[in-house]
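Computation of the quantities below employed the complete heavy-atom set of this structure, encompassing side-chain atoms and omitting hydrogens, waters and symmetry-equivalent molecules. In listed order, ligands and their atoms are each counted from 1.
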Amino acid sequence: MTNKMKIAILGGGNMGGAFAKGISKQLEKCEVIVSDKNSAKLTELKKRTNIKTVMNNIEAVKGADVVILAVKPQDFEPFLAELKGKIPAHAIVVSIATGVKIKTIEKGLSHKFIARVVPNLPALINESMSVWIAPNFSPKQKESVKNILKAIGEEIEMKNESDINKVTATSGSGPAYVWYFMENMIKAGVKLGLKEEVARKLTIQTFLGASKMSALNFETEKELRLRVTSKKGTTERAIKTLEKGKFGKLIEKAIKNAYKRAKELG
Ligand SMILES: NC(=O)c1ccc[n+]([C@@H]2O[C@H](COP(=O)([O-])OP(=O)(O)OC[C@H]3O[C@@H](n4cnc5c(N)ncnc54)[C@H](OP(=O)(O)O)[C@@H]3O)[C@@H](O)[C@H]2O)c1
């Protein structure tokens, strides 16, 4: 007999795999099992870990205390139908599927305790920004969600499901915006004549350093920016160029359009 919490992760791809590795490393009192219909994903997962895997969702959820749904939204309908009535009544279900509403999952599974999470890809290195809502959860159940999400990075609880699409447009898709900026900063450095590996290193460390200073929360981003921007200096010239090209407005428009798309999908 074991009193370990059993966590079943259904879908062992990018996200499911990241959750499995993070949880099994950080949460000692948990037993993790991953189920996937794709054996290659499970083989990949087993390469560097000793996480238990199965190719059968029903077997995975047997006796589970937490069930994490990590398959793609387009696979959800048959997936929920297969699981209907099979998840233990006390278990909490945590869905990370983009755009799939709590009501759909509640109905599809005939299950009461559903949390919805928007993680992001840095979950792969335990640096996810995960935002979650769990309307029907007790404080103890909420604590379990928090602990799971802390195993893969930072977490914030929100109250309204309608805010989830705003989060998807900001932090869910956000790493791609950052990488797009980095990609173009590297290209610009190379165009100036820097070697690519040098331009890349300069860009990466600049993002890391600037993010870490932001995370210290001593000053706002605007205050930090102004510290680098001396009158008539190089940074001022660059920022003026960005302002002339309405870069700030363009970012706003991009995120608004991502939000619109998230609403269309959800
Ligand atoms: N990637 C991101 O940045 C990100 C960010 C936020 C949220 N999400 C959400 O996270 C979820 C997983 O995304 P991902 O990028 O990890 O996808 P992924 O790498 O494709 O992983 C999903 C896995 O689930 C398997 N699968 C499909 N149907 C199944 C079923 N009925 N039972 C068991 N396994 C099944 C897939 O197998 P096959 O390969 O054979 O189909 C695949 O191995 C999605 O719902 C997505 O919306 C992703």
Side-chain angles (χ1 to χ4, degrees), residues 7-23 32-47 49 51-62 64 67-87 93-102 104-105 108-109 114-133 145 148-149 151-156 158 161 163-180 255 258-259 261-266:
I7 302 184
I9 301 175
L10 311 182
N14 283 311
M15 282 294 162
F19 271 76
K21 286 180 206 155
I23 294 167
V32 176
I33 183 163
V34 179
S35 166
D36 200 298
K37 67 177 176 62
N38 183 334
S39 63
K41 297 274 170 67
L42 296 179
T43 311
E44 185 56 34
L45 192 62
K46 281 203 99 61
K47 258 189 205 162
T49 64
I51 295 166
K52 210 170 147 192
T53 60
V54 282
M55 287 189 71
N56 183 323
N57 293 332
I58 307 301
E59 193 185 328
V61 302
K62 233 176 242 164
V67 178
I68 299 178
L69 310 181
V71 315
K72 293 265 188 208
Q74 58 267 32
D75 294 323
F76 247 64
E77 223 180 292
F79 175 62
L80 294 180
E82 181 198 5
L83 289 166
K84 190 168 189 163
K86 302 290 192 306
I87 295 176
V93 172
V94 177
S95 167
I96 64 166
T98 309
V100 183
K101 292 199 174 101
I102 288 183
T104 309
I105 304 171
L109 293 178
I114 316 288
R116 189 171 160 196
V117 180
V118 181
N120 66 13
L121 198 59
L124 293 175
I125 55 155
N126 293 349
E127 291 285 358
S128 180
M129 181 63 250
S130 302
V131 180
W132 58 281
I133 51 164
V145 177
I148 288 168
L149 297 179
I152 55 152
E154 296 282 334
E155 54 78 35
I156 295 185
M158 283 196 171
E161 192 167 11
D163 285 336
I164 284 288
N165 289 330
K166 298 172 192 166
V167 170
T168 301
T170 310
S171 57
S173 304
Y177 315 152
V178 173
W179 286 316
Y180 188 63
I255 293 182
Y259 174 53
R261 181 65 183 143
K263 282 201 291 188
E264 283 165 17
L265 293 173

Item checked: Aromatic ring proximity, centroids under 6.0 angstrom, Y177 and Y180 -> no
Item checked: Sole residue of V71, I102, I105 in side chain to side chain contact (heavy atoms under 4.5 Å, CB included) with S95 -> I105
Next item on the list: Before giving the answer on salt bridge (charged side-chain N to carboxylate O under 4.0 Å, His left out), spell out for E264 and R261 the whole-Å C-alpha distance, their side-chain angles and the decisive distance to 0.1 Å.
Entry: CA-CA 5 Å; E264 283 165 17; R261 181 65 183 143; 2.8 Å; yes
Next item on the list: For ligand 1, list the protein residues that place a heavy atom within a distance below 4.0 Å of one of its atoms, sorted by chain and number.
Entry: G11, G13, N14, M15, D36, K37, N38, K41, N57, A70, V71, K72, P73, D75, F79, I96, A97, T98, P119, L121
Next item on the list: Quickly, which of K62, E82, K37 forms a side chain to side chain donor-acceptor pair (under 3.5 Å) with N57? Name it, please.
Entry: E82
Next item on the list: Mark yes or no for whether S128, through its side chain, and N120, through its backbone, hold a donor-acceptor pair below 3.5 Å.
Entry: yes
Notebook entry, point to check: Can any side-chain N or O of K46 pair as donor or acceptor with the backbone N or O of I51 at less than 3.5 Å?
Noted result: yes
